Number of protein chains: 2
Amino acid sequence: MQTIVRSDAYLRQKGIKASFQRVSIYEYLQNTTAHPSAAKIFADLHPIIPSLSRATVYNTLNLFVERKIAFPVQVDGAEARFDLCEPHHAHFHCVVCQTIYDIPGEDAGVPEALDGFEVLEAQLHYKGRCPQCR
Amino acid sequence: MQTIVRSDAYLRQKGIKASFQRVSIYEYLQNTTAHPSAAKIFADLHPIIPSLSRATVYNTLNLFVERKIAFPVQVDGAEARFDLCEPHHAHFHCVVCQTIYDIPGEDAGVPEALDGFEVLEAQLHYKGRCPQCR
DNA sequence: ATTCTTGCAAATCATTTGCACTTTA
DNA sequence: TAAAGTGCAAATGATTTGCAAGAAT
């Protein structure tokens with residue numbers, strides 16, 4: 001299957017051994033816009049890969065974050081939710097339905113020199129109610 | 001003591017009963033720029049108020065957040081850290097020393113209409129290395 | 001007196017870890 | 001086959017909860 005081969009190659013190119021579990025998690029992230037939590041990823045993938053363990057989901061996500069393949073979106077005191085790294089965009093978190101939207105127009109626009117500070121990342125995070133929940 | 005009276009009145013005006021614990025935590029937050037975690041607040045206040053319990057620190061912080069007196073700053077997968085609500089400003093999180101700086105110039109600039117979305121809050125969060133840690 | 005707050009200990013939830021087993025390159 | 005990844009279960013850490021006792025109005 002082409003997709004598998006491609007994800008496979010992509011991970012390998014990032015210096016990551018492309019296990020079935022890792023490829024599955026990577027493709028799961030590719031095919032959703034829901035910014036799923038580790039628990040959600042596990043819940044959805046476990047029926048398909050019955051041997052999958054929570055620890056592997058966490059290990060894999062941590063690895064992806066470390067290698068800049070994915071990054072965590074922190075919402076309040078809740079569990080981390082994950083997004084593939086893509087061109088800078090802001091996030092909108094609906095406090096009613098808990099959906100996290102990508103806001104592609106708004107750019108967190110990384111570093112204007114903050115005089116003395118070395119800026120590695122910038123995140124712009126909105127919170128409010130989405131069109132469905134107003 | 002004047003300060004006590006003032007914090008007292010401020011909390012009451014926000015509809016909060018001004019217990020000794022709450023006033024202490026409020027003033028602790030007023031007198032620091034360190035964006036302390038609940039654990040840090042407890043560690044620093046416990047020697048002064050030996051009866052203070054962790055639960056009260058958490059209860060109080062949650063109450064402050066609910067009443068918009070304080071808000072949590074989420075850093076990676078770590079514990080929440082707290083800041084008094086003040087005119088919008090960005091945060092800079094040093095990944096080396098874990099200090100969180102207020103960046104008053106940079107404004108998360110709340111809501112330009114996001115077409116259909118009702119924006120209640122906007123946060124701008126930088127990550128990198130601070131002048132001491134570069 | 002009634003109502004709200006506190007403190008303690010136990011509970012919960014997300015995440016991590018240790019270790020024996022399995023898979024990948 | 002060597003090196004790295006996986007799964008399980010137990011451990012950890014942050015935060016919450018239930019409840020009895022204490023303080024404020």
Side-chain angles (χ1 to χ4, degrees), chain A residues 4-5 7-26 28 35-67 69-82 98, chain B residues 4-5 7-9 11-26 28 35-43 45-67 69-82 98:
Chain A
I4 297 255
V5 176
S7 309
D8 218 80
Y10 176 72
L11 294 182
R12 241 184 289 276
Q13 154 201 328
K14 291 276 185 176
I16 290 177
K17 261 192 205 171
S19 72
F20 181 61
Q21 291 87 333
R22 287 170 176 177
V23 173
S24 301
I25 292 169
Y26 176 73
Y28 178 92
H35 303 82
S37 63
K40 173 74 172 148
I41 296 173
F42 176 78
D44 287 350
L45 249 30
H46 188 237
I48 303 173
I49 313 172
S51 77
L52 183 67
S53 80
R54 257 170 267 269
T56 297
V57 174
Y58 281 107
N59 286 341
T60 300
L61 290 170
N62 287 342
L63 181 66
F64 284 0
V65 169
E66 196 178 284
R67 302 295 171 85
I69 289 172
F71 71 94
V73 183
Q74 296 293 143
V75 169
D76 295 327
E79 348 113 75
R81 292 170 63 176
F82 295 85
Q98 305 302 320
Chain B
I4 296 259
V5 175
S7 309
D8 218 78
L11 294 181
R12 241 185 286 279
Q13 154 202 327
K14 291 276 185 174
I16 290 178
K17 262 191 206 170
S19 72
F20 180 60
Q21 290 86 333
R22 287 170 177 176
V23 173
S24 301
I25 291 170
Y26 176 73
Y28 178 91
H35 304 80
S37 63
K40 172 77 172 149
I41 296 173
F42 176 78
L45 250 31
H46 188 237
I48 303 173
I49 313 170
S51 78
L52 183 66
S53 80
R54 258 170 264 269
T56 297
V57 173
Y58 281 107
N59 287 340
T60 300
L61 289 170
N62 287 343
L63 182 65
F64 285 0
V65 170
E66 195 179 285
R67 300 296 170 84
I69 289 171
F71 71 94
V73 183
Q74 295 293 145
V75 168
D76 295 328
E79 349 114 73
R81 293 171 62 174
F82 295 85
Q98 305 302 320

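Per chain, numbering begins at 1; letters A, B, ... match sequence-line order. Predicted, not measured: the structure shown is a model, and the values here were computed from it.
Summarising the geometry, the separation between CZ on A:R22 and C1' on C:dT23 is reported as 11 Å, rounded to the nearest angstrom. Atom CD of B:E66 and atom P of C:dT5 are 11 Å apart (whole Å). Going from atom CG of B:L61 over to atom P of C:dT5 covers 15 Å, rounded to whole Å. In this structure, CG of B:L52 is placed 16 Å from C1' of C:dA9, rounded to the nearest angstrom. Remark: P of C:dT5 and CG of B:L63 are 7 Å apart, rounded to the nearest angstrom. For the pair B:F42 CZ and D:dA14 C1', the interatomic distance rounds to 14 Å; values are reported in whole Å. Taking atom NZ of A:K40 as the reference point, atom C1' of C:dC13 lies 18 Å away to the nearest angstrom. At whole-Å resolution of the value, CZ in B:F20 and P in D:dA24 are 11 Å apart.
For the pair B:I49 and B:S24, the minimum side-chain heavy-atom distance is below 4.5 Å. A:Y26 is not listed as a side-chain neighbour of A:T60, based on a closest heavy-atom distance of 4.5 Å or more.
For the pair B:R54 and C:dT6, the criterion of a side-chain N or O lying under 4.0 Å from OP1 or OP2 is not met. Between B:Q21 and D:dA23 there is no side-chain polar atom (N or O) within less than 4.0 angstrom of OP1 or OP2. Dashed line: the shortest gap from a side-chain N or O of B:S51 to OP1 or OP2 of C:dG7 is under 4.0 Å. Applying the 4.0 Å criterion to OP1 and OP2 of C:dT16, one finds that A:N59 has every side-chain N and O outside that range. A sub-4.0 Å separation between OP1 or OP2 of C:dT16 and a side-chain N or O of A:Y58 is absent.
Proximity of a side-chain donor or acceptor of A:R22 to a complementary backbone N or O of A:K17 within less than 3.5 Å is detected.
Nearest-nucleotide mapping onto DNA chain C: of B:T56 and B:G77, the residue sitting toward the 5' end is B:T56.
Contact annotation for A:A39: no contact, since no heavy-atom pair falls under 4.0 Å across all strands. A:A80 comes within 4.0 angstrom of the backbone, heavy atoms only, and of no base.
Between B:Q74 and A:Q74, the shortest heavy-atom contact is CB-CB, 3.9 Å. For A:Y28 against A:K40, the heavy-atom pair with the smallest separation is OH-CG, 3.8 Å.
For A:S19, the side-chain atoms get nearest to D:dG5 when compared with the rest of D:dG5, D:dG7, C:dG7. Among the nucleotides D:dG7, C:dC4, C:dA25, the one closest to any side-chain atom of A:K17 is C:dA25.
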